[in-house]
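All values below were derived from every heavy atom in this structure, side-chain atoms included, with hydrogens, water molecules and symmetry-related copies excluded.
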Amino acid sequence: MKLILLSGWGVDRRIWQPLAEHWPSTVEPSAVEWPGYGESPALPTPTHIEALAERMAPELPSNAVWVGWSLGGLLATALLDHLPPPKALLLLGAGSRFCSDAEDDGGVTSDELASFQFAFRRDPVATWRHFLRWQAQGEPNAREVHRQLRAQLGKTPHADTDTLAQGLMWLETLDNQAMLANPPCPIRLLAGAHDPLLSSSTRQQALRLEAAGHCPMLSQPAQLAARLAEQATRAHQEPR
């Protein structure tokens with residue numbers, strides 16, 4: 001069973017490396033890059049979802065299970081409108097929208113994202129580094145996870161500024177509520193029980209990973225690999 005692993009904002013496919021030694025023999029994982037990350041050429045900005053779909057079509061086969069983390073999950077869900085659907089889609093640390101403005105629901109508000117975008121325009125690299133610290137906060141040992149993020153990703157993002165700005169725009173605007181209500185393939189939500197970037201309502205809808213936040217691939221790699229393989233197998237067997 002093929003798994004296509006898709007990373008989130010400001011983070012390239014190296015984020016999945018800690019899972020490499022933990023995958024069961026039943027799965028064939030492949031981490032792919034979004035345009036503008038790593039060695040993948042960037043798309044012109046602003047980018048429309050149709051252009052992203054055209055570029056990503058060879059990377060997102062329909063005979064696989066897609067695993068989208070954070071913004072990668074939002075984008076993978078949006079692409080279901082433009083590409084042949086996969087066997088299943090697993091959303092890790094993602095729901096229908098990035099921002100949550102419901103009172104006392106937790107997560108990231110629209111005002112917080114707007115402030116982050118403003119800071120990014122002033123100093124992209126410093127804001128990216130702040131984001132690494134932010135998404136590590138929900139882990140049992142946030143300092144260690146942040147250290148791992150810095151060791152894996154380096155001091156600067158492996159994506160150009162325009163690509164990162166486009167990603168923030170997608171975080172602001174993507175709304176997949178209709179797709180999740182009537183999906184063309186099985187969709188499963190997984191979330192760290194202490195994910196600081198998700199609303200409590202999204203975490204309650206998801207299969208929760210205990211003792212984990214937004215980066216379970218770093219704090220719980222063995223457990224995450226097993227859970228993804230298990231959920232992919234179950235979803236893969238559901239009638240389409």
Side-chain angles (χ1 to χ4, degrees), residues 1-34 36-40 59-60 64-76 86 88-95 128-159 164 167 188-198 203 206-236:
M1 178 175 53
K2 297 180 181 178
L3 293 186
I4 304 298
L5 308 174
L6 299 159
S7 53
W9 185 83
V11 179
D12 58 78
R13 65 182 179 181
R14 289 175 295 173
I15 193 67
W16 299 104
Q17 287 177 354
L19 277 67
E21 63 184 279
H22 301 293
W23 292 112
S25 59
T26 54
V27 303
E28 180 186 336
S30 177
V32 303
E33 295 285 34
W34 293 109
Y37 284 83
E39 301 301 319
S40 179
E59 307 284 355
L60 296 174
V65 174
W66 303 350
V67 180
W69 173 58
S70 198
L71 174 59
L74 290 173
L75 288 172
L89 171 61
L90 305 184
L91 301 181
L92 176 62
W128 173 78
R129 291 173 181 168
H130 170 74
F131 184 71
L132 297 188
R133 291 191 296 271
W134 188 7
Q135 65 181 357
Q137 287 176 359
E139 305 301 340
N141 189 337
R143 180 176 295 181
E144 171 60 19
V145 166
H146 183 231
R147 185 198 66 76
Q148 291 179 57
L149 281 169
R150 289 184 301 168
Q152 274 196 329
L153 305 177
K155 296 182 179 180
T156 57
H158 277 221
L164 293 172
R188 301 286 181 90
L189 275 64
L190 298 90
H194 308 287
D195 191 330
L197 304 186
L198 288 184
R203 281 184 272 118
L207 177 65
R208 290 191 295 279
L209 305 165
E210 301 302 329
H214 197 64
C215 301
M217 61 283 290
L218 300 179
S219 63
Q220 310 283 338
Q223 295 90 328
L224 178 61
R227 191 61 64 87
L228 289 174
E230 171 197 1
Q231 292 302 308
T233 299
R234 291 185 179 183
H236 190 277

Visitor: Ignoring hydrogens and geometry, is there a side-chain-to-backbone donor-acceptor pair from Trp34 to Ser40 under 3.5 Å?
Guide: no
Visitor: Distance from Ile4 atom CD1 to Glu59 atom CD, nearest 0.5 Å?
Guide: 8.0 Å
Visitor: Can you give me the closest heavy-atom contact between Leu19 and Pro221, atom names plus distance?
Guide: CG-O, 3.9 Å
Visitor: One pair to check against side-chain contact (heavy atoms from CB on, under 4.5 Å): Arg188 and Leu207. What are the steps and the verdict?
Guide: CA-CA 8 Å; Arg188 301 286 181 90; Leu207 177 65; over 6 Å; no
Visitor: Short question: side chain of Glu33, backbone of Arg13 - any donor-acceptor pair under 3.5 Å?
Guide: yes
Visitor: Any side-chain heavy atom of Val65 within less than 4.5 Å of one from Met1?
Guide: yes
Visitor: If I take atom NE2 from residue His214 and atom CZ from residue Phe131, how far apart are they, to the nearest 0.5 angstrom?
Guide: 5.5 Å
Visitor: Is it true that a side-chain atom of Arg129 and a backbone atom of Lys155 form a donor plus acceptor pair closer than 3.5 Å?
Guide: yes
Visitor: Checking Glu139 side chain against Cys215 main chain: does a donor-acceptor pair fall under 3.5 Å?
Guide: yes
Visitor: Please round to the nearest 0.5 Å and tell me the distance separating atom CG of Leu74 and atom CG of Leu91.
Guide: 8.0 Å
Visitor: Work out which heavy atom in Ser219 is nearest to a heavy atom in Pro140; give both atom names and the distance.
Guide: CB-CD, 4.4 Å
Visitor: With a 4.5 Å heavy-atom cut-off, do Pro157 and Leu164 have their side chains touching?
Guide: yes
Visitor: Side-chain contact, heavy-atom cut-off 4.5 Å: Pro216 with Leu92?
Guide: yes
Visitor: Could you check if a side-chain atom of His146 sits within less than 4.5 angstrom of a side-chain atom of Leu132, using non-hydrogen atoms only?
Guide: yes
Visitor: State, yes or no, whether a side-chain contact exists between Leu6 and Leu60 at a heavy-atom distance under 4.5 Å.
Guide: yes
Visitor: With distance as the sole test, does Trp128 use its side chain to make a donor-acceptor pair with the main-chain N or O of Gly10 at under 3.5 Å?
Guide: yes
Visitor: Are any non-hydrogen side-chain atoms of Glu144 and Gln148 less than 4.5 angstrom apart?
Guide: yes
Visitor: Could you report the tightest heavy-atom contact between Leu228 and Leu90, atom names first, then the distance?
Guide: O-CD1, 3.6 Å
Visitor: For the side chain of Gln223 and the backbone of Leu209, is there at least one donor-acceptor N/O pair under 3.5 Å apart?
Guide: no
Visitor: So Leu197 and Gln135, do their side chains get closer than 4.5 Å, heavy atoms only?
Guide: yes
Visitor: Considering non-hydrogen atoms only, spot the tightest contact between Pro18 and Met217 and give its length.
Guide: CB-O, 3.2 Å
Visitor: Give the minimum heavy-atom separation between Val27 and Ala229, together with the two atoms involved.
Guide: CG1-CB, 3.9 Å
Visitor: Supply the atom-to-atom distance Leu224 CG to Trp16 CH2, rounded to the nearest 0.5 angstrom.
Guide: 6.5 Å
Visitor: Hey, could you give me the CZ/CG distance between Arg133 and Leu149, rounded to the nearest 0.5 Å?
Guide: 11.5 Å
Visitor: Arg227 versus Gln220: any side-chain heavy-atom pair under 4.5 Å?
Guide: no
Visitor: Without swapping roles, check the side chain of Trp23 against the backbone of Glu28 for a donor-acceptor pair under 3.5 Å.
Guide: no
Visitor: Can you name the closest pair of heavy atoms from Trp69 and Ile15 and give their distance?
Guide: CZ3-CG1, 4.1 Å
Visitor: As an exercise, state the distance from CD of Gln231 to CG of Leu3, rounded to the nearest 0.5 Å.
Guide: 12.0 Å
